[in-house]
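Written below as structure tokens is the structure these notes are about.
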Number of protein chains: 2
Amino acid sequence: MRLFADQGFEQTTVAEIAETAGLTERTFFRHFGDKREVLFAGQDDFLQLFIDPIDAAPAATAPYELIARSLASAGDFFPNERRAYSRARAAIIAAEAALQERELSKLAMLKLRLGEVLRERGIGEPAATLAAEIGVMVFHLSFQQWIAAGERRSMAQIAQERLAALTALVTQ
Amino acid sequence: MRLFADQGFEQTTVAEIAETAGLTERTFFRHFGDKREVLFAGQDDFLQLFIDPIDAAPAATAPYELIARSLASAGDFFPNERRAYSRARAAIIAAEAALQERELSKLAMLKLRLGEVLRERGIGEPAATLAAEIGVMVFHLSFQQWIAAGERRSMAQIAQERLAALTALVTQ
DNA sequence: GTCTATAGTGCGATAGAC
DNA sequence: GTCTATCGCACTATAGAC
């Protein structure tokens, strides 16, 4: 992160990263499948925040309500103290198309996982996939707003507002 | 496409592609920013199909209705004759994570462009971005269903059904 | 069109942890 | 004694500079 922030992602070689970390290039690639992956690894607990409230919900809970709970829970990953760090990381990603691609890819994986969890609850198609897509989409848009300049509201609050806006949009 | 289908995307070198096309490697990269791009270039008319019906709609048309018209129009890009080709292309993309990433990236660009068009009509935020996200998301899921084994319905029909399912999901 | 830097892979050797 | 982390080295393809 320090190297990327100072000189840019593209301008930083894997050799530099490895040296800074006191390792060899070969070892870097043992831990990370590619150079971009170093910015996205270790998001397992983040994923779990989406899933836990779904697992904990009563069996009859409607998909929409599950998504709302999932979003509220995911907000815990982004307390106010994390905002500065998230902004710095987002700036690095925003500066490089290759990193934006990887971010979209990670969000797509989250969608797939969420869809699975919903289907395991007996929610059918296309509802399960649609609910997963909506949940992750609202999360993503909310996150972008959360790190916007001057924004002070919490992630959970923004997400709730965005989900309501989506509902309003669809029911015009 | 032929080379990718026969031996896989990763196993096909740019040198091979260039030679097959009767060009040099350097010329390939002059036309395409990177190797993956060759599978995604020239989608401008596709993009326009989303935008045209929005431009043509009466000023007071609600965002949801705009999206519905956009989806109906985009369906024209996928007549039944195109289905076999789309399946073959999708199979190539599905076999390679790097290509799936690029596809998501292209869809994200489409979202951005659609959002712009909606804002130019005076639709505010977050409605414009949400509508664009919903439109492209429904398109993407519908496309995946359209190329699913045994599926015979038209793109427009599937998209309409998916959009209705989304509405039902959110309004329960 | 030529040249070169860098990402990423395959295989093997070594050292330490349990 | 097996398992895992690191390293060394040779090699190829992409991609960019000039």
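Side chains are part of it too, since the values below use all heavy atoms of this structure and drop only hydrogens, waters and symmetry mates. Throughout, protein chains are lettered first and strands after them, A, B, ... in sequence-line order, and every chain is numbered starting at 1.
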Please report, rounded to the nearest Å, how far the [atom2] atom of [N] is from the [atom1] atom of [X].
X: A/Asp34; N: D/dA13; atom1: CG; atom2: C1'; answer: 15 Å
X: A/Glu19; N: C/dA7; atom1: CD; atom2: P; answer: 14 Å
X: A/Glu96; N: C/dA7; atom1: CD; atom2: P; answer: 12 Å
X: A/Gln7; N: C/dT6; atom1: CD; atom2: C1'; answer: 14 Å
X: A/Gln11; N: D/dG16; atom1: CD; atom2: C1'; answer: 12 Å
X: A/Arg102; N: C/dA7; atom1: CZ; atom2: P; answer: 14 Å
X: B/Phe28; N: C/dG1; atom1: CZ; atom2: P; answer: 16 Å
X: A/Glu10; N: D/dG16; atom1: CD; atom2: P; answer: 7 Å

| query | Hey, is the side chain of B/Arg26 pairing donor to acceptor with the base of D/dG16 inside 3.5 Å? | reply |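 Flag unset: no donor-acceptor pair detected.
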| A/Phe77 ring centre to A/Arg82 NZ or CZ under 6.0 Å, with the angle to the axis within 45°? |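 Satisfied, under 6.0 Å and within 45°.
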| message | Rounded to the nearest 0.5 Å, what separates atom CZ in B/Phe29 from atom NZ in B/Lys35? | response |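 So the CZ of B/Phe29 and the NZ of B/Lys35 are separated by 8.5 Å.
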| task | Under the side-chain hydrogen bond (donor to acceptor under 3.5 Å, both in side chains) rule, what do A/Tyr64 and A/Thr167 come out as? Steps first, then yes or no, please. | result | CA-CA 10 Å; A/Tyr64 182 80; A/Thr167 307; 2.7 Å; yes
Between [options], which nucleotide gets closest to the side-chain atoms of [X]?
X: B/Thr13; options: D/dT6, D/dA13, C/dT6; result: D/dA13
X: A/Arg30; options: D/dA15, D/dC7, D/dT4; result: D/dT4
X: B/Phe29; options: C/dG8, D/dT6, D/dT14; result: D/dT14
X: A/Leu23; options: D/dA15, D/dC7, C/dT6; result: D/dC7
X: B/Lys35; options: D/dC7, D/dA15, D/dC18; result: D/dA15
X: A/Thr24; options: D/dG8, D/dA15, C/dG8; result: D/dG8
X: A/Glu25; options: C/dA7, D/dT14, D/dA15; result: C/dA7
X: A/Thr27; options: D/dT6, C/dG8, D/dC18; result: D/dT6

| query | Relative to each other, are the rings of A/Phe46 and A/Phe139 parallel, tilted or perpendicular (30° and 60° limits)? | reply |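 A/Phe46 and A/Phe139: tilted rings.
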| query | When we call it a touch if two heavy atoms are under 4.0 Å apart, what does B/Thr12 touch: a base, just sugar-phosphate, or nothing? | reply |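 Sugar-phosphate contact only.
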| message | Is there a path of hydrophobic side-chain contacts, each under 4.5 Å between heavy atoms of I/L/V/M/F/W/Y residues, joining B/Val136 to B/Leu112? | response |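 B/Leu112 and B/Val136: separate clusters.
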